[in-house]
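Residue numbers begin at 1 in each chain, while the letters A, B, ... track the order of the sequences. The figures here come from the full heavy-atom set of this structure, side chains too, leaving out hydrogens, waters and symmetry mates.
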Number of protein chains: 2
Amino acid sequence: MDGERRPTLEAVARHAGVGRGTVSRVINGSERVSERTRQAVQSAIEELGYVPNRAARTLVTRRTDMVALVVSESEERLFAQPFFAGIVRGVAGVLAERGLQLLLATARTAADHERLGDYLVGGHVDGVLLVSLHADDPLPGRLTAAGIPFVLGGRPAHPGAGAVHYVDIDNVGGAELAVRRLAGTGRRRIATVAGPADMPAGQDRLEGYRRALEEAGLEADPALVARADFSREGGERAMRGLLESAPDLDAVFAASDDMALAALRVLREAGRRVPEDVAVVGYDDADLAAGADPPLTTVHQPTERMGGEMARLLADRALSRAAPEGVVLETRLVVRASG
Amino acid sequence: MDGERRPTLEAVARHAGVGRGTVSRVINGSERVSERTRQAVQSAIEELGYVPNRAARTLVTRRTDMVALVVSESEERLFAQPFFAGIVRGVAGVLAERGLQLLLATARTAADHERLGDYLVGGHVDGVLLVSLHADDPLPGRLTAAGIPFVLGGRPAHPGAGAVHYVDIDNVGGAELAVRRLAGTGRRRIATVAGPADMPAGQDRLEGYRRALEEAGLEADPALVARADFSREGGERAMRGLLESAPDLDAVFAASDDMALAALRVLREAGRRVPEDVAVVGYDDADLAAGADPPLTTVHQPTERMGGEMARLLADRALSRAAPEGVVLETRLVVRASG
DNA sequence: ACCCGCTGTGGGAGCGCTCCCATACAGCGA
DNA sequence: TCGCTGTATGGGAGCGCTCCCACAGCGGGT
């Protein structure tokens, strides 16, 4: 296939007229090497085109310089723009700086999930980045038991489960931003299409909605709250429900852009004009928000920064067994025409 | 940290009362082991919770069971929905079936790119998947020289560069689908906002446009063709240009959804109704297409299948040094309201 | 003159696995 | 009874690296 073997550290040592230990020291940047020797070794490396064998190093150091990014593919939403791409981008950038490789691990079925757990606790990676975790996911527990450092994307579902590293986006604050805008532009009957109650993002955005209402001195009417699952179909149902339970609504805060888009459609069908009769604000700043009719006012999440912070936390703190830390990132309101 | 060492193959052998060789044979599924012994080894593995050490295996076999997916991050477009997510999904699924790990490698700067090349030819992966390659990218050359198997996403830019494995999406056919639809619904002055001339996707979609026009017996008027770079801004400029060079146009085929969206805006500004006065068809079936006003008719690309085929080609053919193969996937027209 | 400590260096041991040769043993025909 | 095959098994060698101990050489203090 590819002819002769690649040069080994031994070969470099011979070529430079030094011992193996010395070459190893040069490669790993130990300062216990004279400048002359270092030069000699460096040029030998160059001449031979030497590249260290990672497997051999891993075998003895027990470090793999590899970090896994775990995503549950069952969580379709995660793969939606711009979340996934942003996270990956942020993670990849920071890991590259730290000389770490990114292993992308996805699990579709429960069996996949099991196997993935085996792999991760099998010592094949130095650390793990977890996004889109379900509340009942066994992975954090297994990783903790095996002593594998990890960082969560999103806040821990069980606060009591012990301190962990995590990076979250301020969902409460983001929702407040949205609803405050609605209240600030004179809306008084502000409804919400909320997310599922069993997801932190769903809970927190609803909490933000409530706080902003209270802050504005508006009544918290249960008829103004409908639950859905972040999807377009769910949003459609929820919006129809709202129109019945609270026909006098003059604004809608949807906890996802998909649901906001659905709301737009349902409202138009019902003969309400947006934003004249009803203002609509979404959440995510997805691609489709800008193209919607009318263009959607929405809450932008710093996904790339989130990925970056997660990688940073893992590389700089979790891997060195520092005390767990939580980082919360701020959102930003993108004002367009819908509300 | 994590207490005692993980059990080794040696430990399993002792526990089962056999030799190392036998355990190794069981793990690697050799048939030269008696059923009784196999059972004994299996239960020893289970009891001890043994997981093979990949590094040690790699050290001797020179296989890593790792495949790199390389994306140039400079290519912003790639990270756009739904391309990237689809590819990743398809690749991940097939690799998991084959017991291969997915290493995601991105390169932002030229220096990154250089380092990435070093890494890939350094024997750290068994094979490479390349997407969004620039015509002048040195990676394929380096990989070929180093004897590392790889598969291209998209057709090779230099057909003369020797046969390579690749998976492409039928851009010519996709464009034909779009333009045929326009001609079929009675449009006679069909313009196009084409992609860049130095990208295969740009060239091929323009070629498809031309063929479909000819097929429909329509005149190929240069005033009906404007070039852009697939972006929204570029599309806006190009559409304005078309409105000047061919004010009588009654349809537009845009080579990307972003450009189609821009065209929609420019046309509305110019007082043309879509689809009544001017029909518009896009390309990509991006998220924003469905939310556009009016919802965009567009060409859907099988991105997940593309990723899957790439992984399959690499795992089943390239890794075993089979003769290079090209696979071309078909597109599908998604008819919505715009054209 | 001596010894002590410090820096730079060489190289043995060993990480956990696979490869492969040697060996043990059962079965069978002569 | 004695080979002779063929199959199941044990274990040495070695993959390429890091770790760490040993040691040479050089000042400088006593």
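- Residue Gly17(B) is classed as a sugar-phosphate contact, given heavy-atom separations below 4.0 Å to backbone atoms only.
- The base of dG10(D) is paired with the side chain of Arg25(B) by a donor and an acceptor separated by under 3.5 Å.
- Here the side chain of Thr58(A) pairs a donor or acceptor atom with the backbone of Arg54(A) at under 3.5 angstrom.
- Applying the 4.0 Å criterion to OP1 and OP2 of dC15(D), one finds that Asn53(A) has every side-chain N and O outside that range.
- Relative to the side chain of Thr8(B), the nucleotides dT18(D), dG16(C), dC20(D) differ in distance, and dG16(C) lies closest.
- Following rounding to the nearest Å, Arg57(B) (CZ) and dC15(C) (P) show an atom-to-atom distance of 19 Å.
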Q: Any chance you could lay out the side chain to side chain contact (heavy atoms under 4.5 Å, CB included) test for Val70(A) and Val131(A), step after step, and finish with the verdict?
A: CA-CA 6 Å; Val70(A) 173; Val131(A) 286; over 6 Å; no
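- Regarding Arg54(A), its CZ atom lies at a distance of 22 Å from the P atom of dC15(D), rounded to whole Å.
- Rounded to an integer number of Å, the gap from CZ of Arg62(A) to P of dC19(D) is 11 Å.
- Rounded to the nearest 0.5 angstrom, Leu100(B) CG and Leu314(B) CG are separated by 8.0 Å.
- Rounded to an integer number of Å, the gap from Arg6(B) CZ to dG16(C) C1' is 10 Å.
- Side chains of His124(B) and Asn53(A): no donor on one and acceptor on the other come within 3.5 Å.
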N/O donor to acceptor pairs below 3.5 angstrom from side-chain atoms of residues 42-52 of chain B, sequence neighbours left out:
{"residue": "Ser43(B)", "atom": "OG", "partner": "Gln39(B)", "partner atom": "O", "Å": "3.2"}
{"residue": "Ser43(B)", "atom": "OG", "partner": "Ala40(B)", "partner atom": "O", "Å": "3.0"}
{"residue": "Glu47(B)", "atom": "OE1", "partner": "His15(B)", "partner atom": "NE2", "Å": "2.9"}

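- Between Ser24(A) and the phosphate of dT18(D), there is a side-chain N or O to OP1/OP2 separation shorter than 4.0 Å.
- Over its full length, the helix from dA1(C)-dT30(D) to dA30(C)-dT1(D) turns its helical axis through 60°, comparing axes from the five pairs at each end and rounding to 10°.
- Residue Thr37(B) is the one, among Ala56(B) and Thr37(B), whose nearest nucleotide of DNA chain D lies closer to the 5' end (criterion: closest heavy atom).
- Of the candidates dT18(D), dA13(D), dG10(C), the closest approach to any side-chain atom of Val60(A) belongs to dT18(D).
- Phosphate proximity of dT9(D) to Ser34(B): present, with a side-chain N or O under 4.0 Å from OP1 or OP2.
- For Asp118(A) and Arg115(A), the salt-bridge test fails: no basic side-chain N is under 4.0 Å from an acidic carboxylate O.
- Under 4.0 Å is where a charged nitrogen must lie from a carboxylate oxygen, and between Asp316(A) and Arg98(A) at least one such pair does.
- With dT18(C), dG10(D), dT18(D) as the candidates, the nucleotide lying closest to the side chain of Arg20(B) is dT18(C).
- Residue Thr22(A) places at least one side-chain N or O under 4.0 Å from the OP1 or OP2 atom of dG10(C).
- A straight line from CD1 of Ile27(A) to P of dG16(D) spans 14 Å, rounded to a whole angstrom.
- Of the candidates dC19(D), dT18(C), dG16(C), the closest approach to any side-chain atom of Leu9(B) belongs to dT18(C).
- Following rounding to the nearest Å, Glu35(B) (CD) and dA8(D) (C1') show an atom-to-atom distance of 13 Å.
- To the nearest 0.5 Å, atom CG of residue Asn28(B) and atom CZ of residue Arg57(B) are 5.0 Å apart.
- Spacing between atom CZ of Arg32(A) and atom P of dC20(D) amounts to 15 Å, rounded to whole angstrom units.
- Rounded to an integer number of Å, the gap from CZ of Arg63(A) to P of dC15(C) is 18 Å.
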